[in-house]
Amino acid sequence: GTFFTAKKAEKAGLVSRVVPADKLEAEALQLATDIAKMPYHAIVMAKECVNRAYESSLAEGLLYERRAFHATWATADRSEGMKAFVEKREPEWQHK
């Protein structure tokens, strides 16, 4: 395989962000905190979609992701998220 520097991997889109080693733990904890603030069921669905992507073809993965997205329309948090966006305010997640 080909070895990449962190910056080259970021430029190629292979990683989403490069963080200095001395700030890695703080950045990881902040990211985890931000994710934990999101609606629980949406986090679970997103993780399932990522995991499914490793086990299926692109077409099957996209179909699974579309079905998961449609399932979010039955949640109170989807309504709250849309309403908060329109009203330009932070959403108040109910995890429902």
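For clarity, every value in this text was computed on a predicted model and none was experimentally measured.
Residue Y64 holds its OH atom at 9.5 Å from OG of S56, rounded to the nearest 0.5 Å. To the nearest 0.5 Å, atom CD1 of residue I35 and atom OH of residue Y40 are 13.5 Å apart. To the nearest 0.5 Å, atom CZ of residue R78 and atom CZ of residue F69 are 8.5 Å apart. Between the CG atom of L62 and the CZ atom of R66 there is a distance of 7.0 Å, given to the nearest 0.5 Å.
Summarising the geometry of G81 relative to P91, their closest heavy-atom pair is CA-CB, 4.5 Å, with the distance given to 0.1 Å. Of all heavy-atom pairs between A68 and M45, the closest is O-SD, 3.5 Å. In this structure, Q94 and A76 approach most closely via the heavy-atom pair OE1-CB, 4.0 Å. Nearest heavy-atom pair, K96 versus T75, reported as atom, atom and distance to 0.1 Å: O-CB, 3.4 Å.
Using a 4.5 Å heavy-atom cutoff, the side chains of V50 and K47 are not in contact.
With hydrophobic clusters built from ILVMFWY side chains whose heavy atoms lie under 4.5 angstrom apart, L31 shares a cluster with I43.
Side chains of Q30 and D34: a donor on one and an acceptor on the other come within 3.5 Å.
Heavy atoms of other residues, nucleotides or ligands lying less than 6.0 angstrom from CD of E55 number more than 12. More than 12 heavy atoms of other residues, nucleotides or ligands shown are found within 6.0 angstrom of CD on E87.
Using a distance-only test at 3.5 Å, with no hydrogens or angles considered, a donor-acceptor pair links the side chain of D77 to the main chain of H95.
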Passes salt bridge (Lys or Arg N to Asp or Glu O under 4.0 Å), E65 versus R52? Steps please.
CA-CA 9 Å; E65 185 177 338; R52 179 62 71 101; over 6 Å; no
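A salt bridge is absent between E80 and K83; no separation between the charged side-chain nitrogens and carboxylate oxygens falls under 4.0 Å.
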